[in-house]
Amino acid sequence: MKPGESQSTEPAAVGWIDMPMAEGVVGPSVCIHGWALARAGIRSVDVCLDDHRFTARRGMPRADVAAAHPGYPDARNAGFAFDADLSAHPAPPDVDRRTLRIVAVDCTGRETLLGTRTLVEASAHARWRFVDRTDAKPFYLLPALSGVAAGGAFGLDARYAAYASDTMRIGMRVPILYLRTTLGAASDYAFDPSFDTMRRHGTRAVADDALAPLLAYAASHALPVLVTLNGGIWSDASGTCVEWDLTDRLEQDVANCQWNERDEVMADDFLTHLPGSQHAPELARALTLNVYAHDVRRLKRRNLQQAAAHVVTFMHAHEDLFVGVNLDPDVYVNPFFAETQWYDYNPGTIAQFRDWLAGRGPYAGDVRGDLPDLRAYRREQALTLDDVRRISRHAFARWDDVDPPRTFSSDPAQPFWRDPWVREWEHFRRHLVALHYDELARWLADAGVPRNRIWSSQGFMTPAGHAMPIALALDSPARNYDSGGVSIEGSKPRDGHLGAIVYGDAATNAMPMENDRTFYATLADVDPDFGITECNTADLRDRERRPTYADAYRALRDMWNAGARFVSPMAWNGTNGSDANAPGYVTFTAWRNTPLEAAARDFLLARSGLPRGSKLWTFGSTTHADDDGWIAEAGTLASQHGALASTADASGKLVLVSPPDIGCDRVAHVVLGLDPSVEGSVEIEVATSMDAPWTCIVRAPLASLTPTPAGVVVACEALPAYRLRVTLSLAPAVRATLRRVALLQK
């Protein structure tokens with residue numbers, strides 16, 4: 001090398017892996033084909049597994065490679081193939097997947113990594129085969145994506161094929177903007193299932209997806225699909241487009257909008273740089289949620305049901321591919337002004353507030369015009385005008401003078417959240433949000449979408465600093481911040497299920513709750529069939545914080561153990577984890593090649609064949625050690641990668657206690673992933689609350705239990721369990737490795 005010259009960064013070899021296209025392949029048989037070239041010539045192409053190195057056959061004709069890469073030696077015979085049975089090189093016990101490295105070695109000895117594939121052990125898919133799951137509903141992993149017609153879903157049907165099973169299925173979630181993908185003003189903005197996604201406003205597409213091409217793609221690629229029918233605040237946030245967008249058209253009339261406490265309606269782009277997948281989202285102007293907004297409700301119902309008609313047709317033709325519909329992500333009374341402005345003071349909203357307080361109008365069954373019958377939402381105790389005067393400390397002369405609070409004191413002696421009039425206003429705002437989700441779900445159900453396939457999509461972010469936890473119930477006390485009318489109870493529609501959008505601490509189940517339970521356990525209490533409609537373990541408030549494998553492992557473990565129906569990671573075609581150090585990398589839209597995706601692969605294999613509703617603790621994985629919240633009351637525990645190393649005490653006792661709030665209705669079987677060589681006996685007890693006494697449900701010698709690939713199976717008297725205690729009677733100081741604990745419910 002001459003002085004001043006830098007060493008070439010050109011790789012020693014170039015090449016491609018043509019097959020398998022999927023990231024994973026179920027072993028032990030492996031077929032890897034591709035091509036490789038080097039300026040110095042190729043000495044070998046090797047496939048590396050653990051400490052083993054295998055040589056592929058070379059010299060296969062590749063005229064296509066020669067045409068694309070002229071000048072390389074022997075380019076016409078650049079092909080290689082590796083077809084082998086790797087049964088003679090099994091994985092260690094309970095290792096479900098290993099990495100295959102495909103390496104090209106040039107004639108000077110320099111090595112170039114052409115790519116990797118994952119070898120999935122066939123035993124992972126056989127581990128839970130003994131479990132009766134004939135009527136089990138599958139759990140779905142549904143990466144969020146967009147731009148299906150433009151290739152946005154390319155490769156999804158293959159990438160996770162090696163991880164799928166009859167109980168763990170892979171699909172997609174795609175948003176359809178049912179108020180934006182329309183036939184335009186000339187056709188009164190009717191929904192257009194074949195909307196042209198090549199249309200643009202400014203530099204952006206009007207919409208990335210249309211319903212008909214999405215459903216056709218799902219059918220042709222056999223991909224289960226959850227359709228996000230989004231007509232909410234995010235549906236037009238990427239930019240104003242009055243030519244096509246019905247929301248933008250409706251928002252031109254301030255009577256259809258949410259008003260602030262000064263009776264103002266802000267420009268849609270008044271707020272900028274809020275966290276979101278689009279730059280500078282337009283979130284300052286939102287449609288009002290009150291039932292007197294006739295045009296808003298009529299047109300929203302019409303377009304939603306027009307979209308639902310196509311979804312229902314797809315469902316009847318492809319029952320197995322239709323996961324369901326989730327509705328309007330983030331239904332809020334606009335909270336985006338962070339208490340510099342408060343909402344909603346639209347005259348129709350105030351009129352409904354008065355009716356709700358008094359139990360009159362639609363709350364008394366007066367349903368003139370298209371008003372809904374709200375008698376089912378009537379307050380337990382209607383207020384008189386004298387009650388209102390007392391609570392508000394205002395001398396309102398008549399009902400038409402009643403006005404909600406418009407000032408919110410931050411005086412520590414009299415903070416707004418302790419004001420009884422603010423409390424009434426906050427309870428009403430929660431009612432507005434709940435009622436809107438109820439109406440959306442009812443409109444879908446009326447159009448033929450089954451109620452058990454409808455989910456809301458409410459955002460639950462951990463309140464910052466000293467803020468109080470998210471409200472659990474519609475009548476929970478007011479919060480010390482603008483909650484936007486959000487409550488967990490109010491996020492479950494009466495004709496559907498609760499769908500949660502979770503990031504950061506909410507995703508990892510670390511969000512404090514007012515009931516002192518875990519977040520996911522609380523969701524399961526409100527709705528045992530809840531779904532995670534959008535998820536990333538990244539924190540929207542801290543874009544620099546990189547989520548870890550431990551974050552992802554705990555999030556997936558806890559949502560599964562709480563009984564979630566599905567999870568939709570954000571996002572298949574977001575930023576790529578392999579670019580984590582590049583400028584512009586966005587943590588909360590990253591899914592592929594991230595720790596979250598890696599943890600999801602392990603999650604899927606660990607539960608292959610295990611019915612949803614079971615509880616499983618795997619104590620981490622081959623790359624992560626976690627005690628999963630289990631403790632030792634007698635003996636000792638130490639976390640290892642994918643196991644607990646436990647030691648009995650001097651008397652031979654090893655007493656293990658589960659984390660609290662495990663949420664088992666009826667424990668029927670306990671599976672203990674113990675080494676078969678362990679001798680002794682087991683006693684299993686349950687407690688129905690933190691303070692309840694332990695009740696023994698089984699005692700048995702370990703030798704009498706049924707062995708399976710997952711561990712020994714202990715049949716129990718079926719009882720509900722808040723906590724579980726496992727006592728192993730062994731020889732003194734005996735060590736035992738516990739690789740998993742599972743609870744199978746009756």
Side-chain angles (χ1 to χ4, degrees), residues 94 509-510 516-518 520-521 550 553-554 557-558 561-562 614-620 624-705 710-745:
D94 288 294
N509 206 23
D516 294 326
R517 301 188 67 193
T518 67
Y520 287 139
Y553 169 81
R554 292 166 186 167
R557 175 198 66 198
D558 288 359
N561 282 348
S614 307
K615 316 294 178 183
L616 178 65
W617 297 270
T618 61
F619 309 115
H624 171 61
D626 202 309
D627 62 20
D628 284 352
W630 286 71
I631 60 172
E633 284 189 349
T636 61
L637 291 179
S639 299
Q640 297 180 337
H641 287 181
L644 289 182
S646 53
T647 305
D649 64 13
S651 68
K653 292 291 184 184
L654 178 61
V655 182
L656 310 178
V657 179
S658 76
D661 210 6
I662 60 177
C664 265
D665 293 333
R666 294 176 69 81
V667 180
H669 295 85
V670 178
V671 181
L672 301 174
L674 290 166
D675 292 337
S677 60
V678 176
E679 297 179 351
S681 63
V682 63
E683 178 183 47
I684 296 178
E685 301 164 282
V686 297
T688 56
S689 69
M690 198 66 185
D691 300 322
W694 292 105
T695 299
C696 179
I697 56 176
V698 68
R699 291 189 185 93
L702 289 173
S704 70
L705 302 176
V712 294
V713 180
V714 188
C716 305
E717 179 186 355
L719 291 174
Y722 176 85
R723 287 193 299 166
L724 190 78
R725 183 161 70 178
V726 178
T727 299
L728 294 170
S729 297
L730 312 171
V734 162
R735 299 186 67 183
T737 299
L738 184 63
R739 300 193 181 279
R740 68 186 56 82
V741 177
L743 305 184
L744 310 181
Q745 300 201 67

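Because the structure is predicted, anything quoted here is derived from the model rather than measured.
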Heavy atoms of A643 and T737 approach each other most closely as CB-CG2, 3.7 Å

So CG of L738 and CG of L672: to nearest 0.5 Å the spacing works out to 6.5 Å

In short, salt bridge (Lys or Arg N to Asp or Glu O under 4.0 Å) pairs touching residues 626-640 with sequence neighbours left out are R554-D626, R557-D626, R557-D628, E633-R725

| said: Is there a side-chain contact between L719 and T695 in this structure, where contact means two heavy atoms from C-beta onward sitting under 4.5 Å apart? | reply: yes

Contacts of S651 meeting side-chain hydrogen bond (donor to acceptor under 3.5 Å, both in side chains) (sequence neighbours excluded), chain-then-number -> D649

Determine yes or no for a side-chain-to-main-chain donor-acceptor pair under 3.5 angstrom, with K615 supplying the side chain and G663 the backbone. yes

Can M690 and Y722 be said to form a side-chain contact (heavy atoms from CB on, under 4.5 Å), step by step?
-> CA-CA 7 Å; M690 198 66 185; Y722 176 85; 3.7 Å; yes

Is there a side-chain contact (heavy atoms from CB on, under 4.5 Å) between L724 and I662 once you walk through the steps? CA-CA 8 Å; L724 190 78; I662 60 177; 4.3 Å; yes

Between the CD1 atom in I684 and the OG1 atom in T727, the distance rounded to the nearest 0.5 Å is 9.0 Å

Heavy-atom nearest pair, A645 first then R735, reads CB-NH2, 4.2 Å

Distance col, row L644:CG vs F619:CZ, nearest 0.5 angstrom, shows 4.0 Å

Scanning both residues in full, the closest heavy-atom pair of P732 with A650 reads CB-O, 3.1 Å

Test side-chain contact (heavy atoms from CB on, under 4.5 Å) applied to N561 and W617, step by step = CA-CA 9 Å; N561 282 348; W617 297 270; 3.5 Å; yes

On a heavy-atom basis, the closest approach of G680 and L730 is CA-CD2, 4.3 Å

Problem - Step-by-step side-chain contact (heavy atoms from CB on, under 4.5 Å) determination, L705 to V682 - result: CA-CA 10 Å; L705 302 176; V682 63; 3.9 Å; yes

d(H641 NE2, T618 OG1) to nearest 0.5 Å is 12.5 Å

Shortest non-hydrogen pair, S646 vs A736, comes out as OG-O, 2.5 Å

Those residues at least two apart in sequence (or on a different chain) that pass ring-ring contact (aromatic ring centres under 6.0 Å, His included) with H624 are Y549, Y553

The reported gap from OG in S681 to CG in L702 (rounded to nearest 0.5 angstrom) is 6.5 Å

Sorted by chain and residue number, the side-chain hydrogen bond (donor to acceptor under 3.5 Å, both in side chains) partners of E683 (sequence neighbours excluded) come out as R699

Of all heavy-atom pairs linking A687 and A692, the shortest is CB-O, 3.8 Å

Residues passing the salt bridge (Lys or Arg N to Asp or Glu O under 4.0 Å) test with E717, sequence neighbours excluded, are none

Salt bridge (Lys or Arg N to Asp or Glu O under 4.0 Å) pairs touching residues 653-677, sequence neighbours excluded, are R517-D661

